Amino acid sequence: MLNNQKELILLEDLGMHYATSKSKYRRRYGLYKCFCDVEFRTQVQLIKSKHTKSCGCLIGKQGITHGLTKHRLFKHSC
C-alpha cells in the first residue's frame, strides 16, 4: 500500500532510550514509515511538534520557487 497522503505512520513504539551512549537524557523513540516507503527511527516528540516531517526525503525540496537562481541572467545588482 502506497502512502500518498504525506503522513508518517507509526509502525512500532520503541519506548524510552538514550540518544547515544554518552547522553544523559532519555527520550521516547518510534519506528515510523515515511510516505516514500522508507522506515526510520526518530523521537516521538519531534513528530508531534512537526519538527520532523519525513525520513529526510524532503530536504532540499522545500522552499524551491522557480529553480533559476543559478541561471546567468538571474543576478542581483547592487
Side-chain angles (χ1 to χ4, degrees):
M1 182 173 125
L2 189 61
N3 184 8
N4 291 327
Q5 295 140 345
K6 303 283 184 189
E7 294 178 2
L8 301 176
I9 299 170
L10 177 64
L11 297 176
E12 181 180 355
D13 185 1
L14 300 174
M16 301 295 277
H17 292 282
Y18 292 106
T20 63
S21 60
K22 296 180 182 181
S23 177
K24 297 183 219 177
Y25 303 104
R26 289 172 39 128
R27 303 283 188 241
R28 180 168 295 283
Y29 282 84
L31 182 65
Y32 289 88
K33 186 169 189 174
C34 187
F35 49 85
C36 67
D37 287 334
V38 173
E39 294 181 5
F40 67 102
R41 176 183 174 258
T42 190
Q43 292 180 22
V44 173
Q45 182 58 36
L46 294 177
I47 299 291
K48 287 182 178 180
S49 67
K50 300 196 189 269
H51 185 270
T52 299
K53 298 177 183 175
S54 72
C55 64
C57 63
L58 293 179
I59 294 175
K61 293 182 182 177
Q62 295 176 344
I64 295 175
T65 54
H66 49 70
L68 295 174
T69 56
K70 295 189 179 191
H71 191 274
R72 64 182 182 88
L73 297 177
F74 187 85
K75 295 198 179 209
H76 296 285
S77 59
C78 296

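Start at 1 with the first residue, then count along the sequence. Keep in mind it's a predicted model, so treat the numbers as computed, not measured.
- Applying the side chain to side chain contact (heavy atoms under 4.5 Å, CB included) test to Leu10 and every residue at least two apart in sequence or in another chain returns Tyr32.
- Looking at residues two or more places apart in sequence or on another chain, you find a side chain to side chain donor-acceptor pair (under 3.5 Å) between Arg28 and Asp13.
- Lys33 and Phe40 get closest at one heavy-atom pair: C-CE2, 4.5 Å.
- The side chain to side chain contact (heavy atoms under 4.5 Å, CB included) check on Ser21 picks up nothing, with sequence neighbours excluded.
- When all heavy atoms of Phe35 and Lys53 are compared, the closest pair comes out as CE2-O, 3.9 Å.
- Across all non-hydrogen atoms, the minimal contact from Glu39 to Leu31 is OE1-CD2, 4.2 Å.
- Residues Cys55 and Cys36 have side chains in contact (heavy-atom distance under 4.5 Å, counting atoms from C-beta outward).
- For the residue pair Leu8 and Ile47, the shortest heavy atom distance occurs at CD1-CD1, 3.3 Å.
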